[in-house]
Participant: 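Can you read through this structure? Questions will come right after.
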Amino acid sequence: MDRLDGLPVQLIINPRHRQPPRVALIDWIQRQPEYRGRVRDAGGSGGGRAGFSDAVIIAVVAQGMLPGLFNLLQSWVDQQRGEASVRIQAGDAEVELQVTGRSDAARLLAQATQALQAARHDAGPDPDGGSGSGPAAGG
């Protein structure tokens, strides 16, 4: 099976809210120590017109950290009654997801994984030749 587990994942998160959030998304994520060095604020002040945000958050994490990050993002969206767009990049594969109060963190993770695998598959053959020490090569 073609897996993306070995690739680091970059996420570009753009939160949107109607009112200033009680807790900024960057602060919400960085409450968890495992994300503090991996997540940074790359945007502006977060002010501006209602419904828009200048805040952009960039995270570079191992794929094993995605479930926790999606859970944090979903809980922030639920608490703040906001939304966020998330652009996810792994290697040459890229996908964008929308996170709303109706989203489910597990479903977002599944969508991201499927889309990244499809994008990587569409991009051409694996430069490593598809062999290696992955789960299918064990014995």
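Quick note: numbers below take in every heavy atom, side chains included, and nothing from hydrogens, waters or symmetry partners.
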Participant: Distance-only, no hydrogens or angles: does the Q74 side chain make a donor-acceptor pair with backbone N or O of T100 under 3.5 Å?
Facilitator: yes
Participant: Check whether any side-chain N or O of Y35 sits under 3.5 Å from a backbone N or O of M65 as a donor-acceptor pair, and report yes or no.
Facilitator: yes
Participant: For the backbone of V39 and the side chain of Q30, can you confirm whether one donor and one acceptor N or O come within less than 3.5 Å of each other?
Facilitator: yes
Participant: Just checking R36: does its CZ atom have more than 12 heavy atoms from other residues, nucleotides or ligands closer to it than 6.0 angstrom?
Facilitator: yes
Participant: Could you tell me if the side chain of E83 sits less than 4.5 Å from the side chain of P15, heavy atoms only?
Facilitator: no
Participant: For the pair W76 (side chain) and V23 (backbone), establish whether a donor and an acceptor sit closer than 3.5 Å, ignoring hydrogens and angles.
Facilitator: yes
Participant: May I ask you to check whether Q98 and R16 show a side-chain donor-acceptor distance below 3.5 Å?
Facilitator: yes
Participant: Testing R87, R40, R38 for side chain to side chain contact (heavy atoms under 4.5 Å, CB included) with I58, which one passes?
Facilitator: R40
Participant: If you take all heavy atoms of I13 and L73, which pair is closest and at what distance?
Facilitator: CG2-CD1, 4.1 Å
Participant: Of all heavy-atom pairs between L109 and P67, which one has the smallest distance, and what is that distance?
Facilitator: CD2-CG, 3.4 Å
Participant: Check P21 against H17 and note the closest heavy-atom contact, atom names and distance.
Facilitator: CD-CE1, 3.3 Å
Participant: Restricting to non-hydrogen atoms, name the atom on A90 and the atom on L116 that form the minimum distance, rounded to 0.1 Å.
Facilitator: N-CD2, 4.1 Å
Participant: For R31, does the CZ atom have more than 12 heavy-atom neighbours from other residues, nucleotides or ligands under 6.0 Å away?
Facilitator: yes
Participant: Using the side chain to side chain contact (heavy atoms under 4.5 Å, CB included) rule, pick out the option among I57, V56, I88 that qualifies with I12.
Facilitator: V56
Participant: Under a 3.5 Å distance rule, please check whether R22 uses its side chain to pair with a backbone N or O of Q79 as donor and acceptor.
Facilitator: yes
Participant: Please report the closest heavy-atom contact between V77 and G101, naming both atoms and the distance.
Facilitator: CG1-N, 3.6 Å
Participant: Working to the nearest 0.5 angstrom, can you tell me the gap between I29 CD1 and S75 OG?
Facilitator: 9.0 Å
